[in-house]
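Structure record follows, encoded as structure tokens.
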Number of protein chains: 2
Amino acid sequence: MVIPVNQLRARGYRLTPQRLAILRVLNQVGTHRTPQEVYNLALKEIPGITEATVYRTLSFLTAQGLVLEAHVGNGQLVYECAEQVHHHLVCRACQATSMVDYADLQGVFRDLEQKTGYLIDSRHVALLGLCPDCQDKTEHTTNGKGER
Amino acid sequence: MVIPVNQLRARGYRLTPQRLAILRVLNQVGTHRTPQEVYNLALKEIPGITEATVYRTLSFLTAQGLVLEAHVGNGQLVYECAEQVHHHLVCRACQATSMVDYADLQGVFRDLEQKTGYLIDSRHVALLGLCPDCQDKTEHTTNGKGER
DNA sequence: TTGCTTATTGCAAATAGTTGCAATAACGAG
DNA sequence: CTCGTTATTGCAACTATTTGCAATAAGCAA
Ligand SMILES: [Mn+2]
Ligand SMILES: [Mn+2]
Ligand SMILES: [Zn+2]
Ligand SMILES: [Zn+2]
């Protein structure tokens, strides 16, 4: 997997060591990371890098489509490289996250586009709920009637 | 529309003036508000109320299902009363938000539940994209080929 | 290579949101 | 109505995130 150097430059943006480092960090870890975590990892590569730059760079890379961001329930924004787009199911109870095929939401997206005229381009949605395990654990507190 | 006083007490929580005021504020405005906005409005009713209390109360009311929260693209968390659940389409360009029937996403939710075993209970999803107007405005910069 | 333009960074100050803890006050029991 | 238990608040310190601005350094042209 290659960093799209050219892409950025072609669009008039600059290829700075900070941006490359952050992109590299996200590529290596492979999963979601908070800005703070990215900052700490990037610090090893670019000793002088600042948090402000990390925040700004993550937003920038997200806007450019090279990185995905998401709120995964705990209030923290997280980022990851955008190699393959996808969505998520996140457990409210244990924070477990599972992937959802991008294609699995395309249908609804298309339907909603028809109805509303909007062009929908969410590439990293997180839906909340309870994972199978946590459903079991809370089973004794429910009566199976599905009441809220 | 009535504040579910009993509900809260029945669950062992207390019905404080702060909670009532915040609930009232959200009921009156009817739409999404940021914690800061809620704070300023609540301040008129409870002069001594603090921001910490507002943040905590909004989380609490969300957990209790009396309030809905959502990230609507601009990085800000927003809250609103949970009279009728629904979802949203938000324009990345002009921030316009339109409602999406809750039922319109139920289908996918059920499908995903089948596939994954998760129980999905997101009651206020925000999907991002471009509203019809903003699509027109950026039309001249695209070539109709739909490239990213 | 050298110099110029200007996008990007670092810094510091500002704003937003969270948390521990002691004081307060809901509210059920008597 | 009075009292005791304990959930909730206010406060202050702390952490997270954003922003303005001057200094820096990509990247292009010569
Ligand atoms: Mn992801
Ligand atoms: Mn809403
Ligand atoms: Zn779980
Ligand atoms: Zn728009």
Side-chain angles (χ1 to χ4, degrees), chain A residues 3-25 32-64 66-67 69-79 95, chain B residues 3-25 32-64 66-67 69-79 95:
Chain A
I3 294 168
V5 178
N6 5 9
Q7 300 240 40
L8 284 188
R9 262 204 276 260
R11 298 181 198 180
Y13 301 115
R14 293 175 185 177
L15 230 181
T16 67
Q18 290 86 340
R19 285 176 179 174
L20 290 177
I22 289 173
L23 231 22
R24 210 177 309 127
V25 160
H32 302 166
R33 286 288 179 267
T34 65
Q36 302 295 325
E37 293 173 328
V38 173
Y39 169 66
N40 287 322
L41 292 167
L43 214 42
K44 295 174 187 166
E45 309 214 22
I46 313 276
I49 200 170
T50 61
E51 281 155 306
T53 295
V54 171
Y55 281 105
R56 275 186 295 220
T57 300
L58 289 172
S59 297
F60 168 78
L61 294 173
T62 300
Q64 297 309 311
L66 303 180
V67 158
E69 72 178 6
H71 291 277
V72 288
N74 56 80
Q76 289 268 45
L77 245 192
V78 292
Y79 294 85
Q95 255 64 47
Chain B
I3 292 168
V5 178
N6 5 8
Q7 301 239 36
L8 284 188
R9 263 206 275 261
R11 299 180 197 180
Y13 301 114
R14 294 176 185 177
L15 230 182
T16 67
Q18 290 85 344
R19 284 176 180 174
L20 290 177
I22 289 173
L23 232 21
R24 210 176 310 128
V25 160
H32 302 165
R33 286 289 180 267
T34 65
Q36 301 296 324
E37 294 171 329
V38 173
Y39 169 68
N40 288 321
L41 292 168
L43 213 42
K44 295 175 188 167
E45 308 214 21
I46 313 276
I49 200 170
T50 62
E51 282 155 305
T53 295
V54 172
Y55 281 107
R56 275 187 295 220
T57 300
L58 289 172
S59 297
F60 168 79
L61 294 173
T62 300
Q64 298 309 312
L66 303 180
V67 158
E69 72 178 6
H71 292 276
V72 288
N74 56 81
Q76 289 268 49
L77 244 192
V78 293
Y79 294 85
Q95 255 63 46

Handout entry: Length of the CZ-C1' vector between Arg11(A) and dG27(D), whole Å
Key = 18 Å

Practice task
Give Ile49(A) one of three labels, base, sugar-phosphate or nothing, depending on what nucleic acid heavy atoms sit under 4.0 Å from its own.
Solution key: sugar-phosphate

Exercise for the section: Scan Gly48(A) against the nucleic acid and name what it touches under 4.0 Å (heavy atoms): base, sugar-phosphate only, or nothing. Expected result: sugar-phosphate

Exercise for the section: Using only heavy-atom distances, decide whether a donor-acceptor pair under 3.5 angstrom links the side-chain of Arg56(A) to the base of dT18(D). Expected result: no

Exercise for the section: Output yes when at least one side-chain N/O atom of Tyr55(B) is less than 4.0 Å from OP1 or OP2 of dT18(C), else no. Expected result: no

Practice task
Look at all strands and tell whether Gln76(A) reaches a base, only sugar-phosphate, or nothing, counting heavy atoms closer than 4.0 Å.
Solution key: sugar-phosphate

Exercise for the section: Could you check how far CD1 of Ile22(A) sits from C1' of dT9(C), rounded to whole Å? Expected result: 11 Å

Handout entry: Leu66(B) side chain reached by Leu8(B) side chain, heavy atoms, under 4.5 Å
Key = yes

Practice task
Consider only side-chain N and O atoms of Tyr55(B) and Gln36(B), and report whether a donor and an acceptor are under 3.5 Å apart.
Solution key: yes

Completion exercise
Comparing Pro17(B) with Thr16(A), nearest DNA chain C nucleotide closer to 5' gives the residue Thr16(A)

Completion exercise
Whole-Å distance, Glu69(B) CD to dG17(C) C1', equals 13 Å

Exercise for the section: Let me know the distance between CD of Glu51(B) and P of dT8(D), rounded to the nearest Å. Expected result: 21 Å

Handout entry: Geometric class of the Phe60(A)/Tyr13(A) ring pair [parallel <30°, tilted 30-60°, perpendicular >60°]
Key = perpendicular

Handout entry: Value in whole Å for how far the C1' atom of dT8(D) lies from CG of Leu58(B)
Key = 15 Å

Problem - Length of the line joining Gln18(B):CD and dA7(D):P, which is rounded to integer Å - result: 17 Å

Handout entry: N/O donor-acceptor pair under 3.5 Å between Arg9(B) side chain and Leu15(B) backbone
Key = no

Fill in the blank from the handout: Scanning both residues in full, the closest heavy-atom pair of Tyr39(A) with Ile49(A) reads CE1-O, 3.5 Å

Exercise for the section: Whole angstrom is fine here: how far is it from OH in Tyr39(A) over to P in dT18(D)? Expected result: 16 Å

Exercise for the section: Pick base, sugar-phosphate or nothing for Tyr13(A), based on heavy-atom distances below 4.0 Å to the nucleic acid. Expected result: sugar-phosphate

Completion exercise
Rounded to whole Å, the CG-P distance (Leu23(A) to dT8(C)) equals 14 Å

Fill in the blank from the handout: Checking dT8(D), dT9(C), dG10(D) against the side chain of Thr57(A) (C-beta onward), the nearest is dT9(C)

Problem - Out of dT19(D), dC28(D), dC11(D), whichever nucleotide has its closest atom nearest the side chain of Thr50(B) - result: dC11(D)

Exercise for the section: Look at the side-chain N and O atoms of Arg14(A) and state whether any lies under 4.0 Å from the OP1 or OP2 oxygen of dA25(D). Expected result: no

Exercise for the section: Ignoring backbone atoms, establish whether Arg9(B) has a side-chain N or O less than 4.0 Å from OP1 or OP2 of dA26(C). Expected result: no

Problem - Side-chain N,O (Gln36(B)) to OP1/OP2 (dG17(C)) below 4.0 Å - result: yes

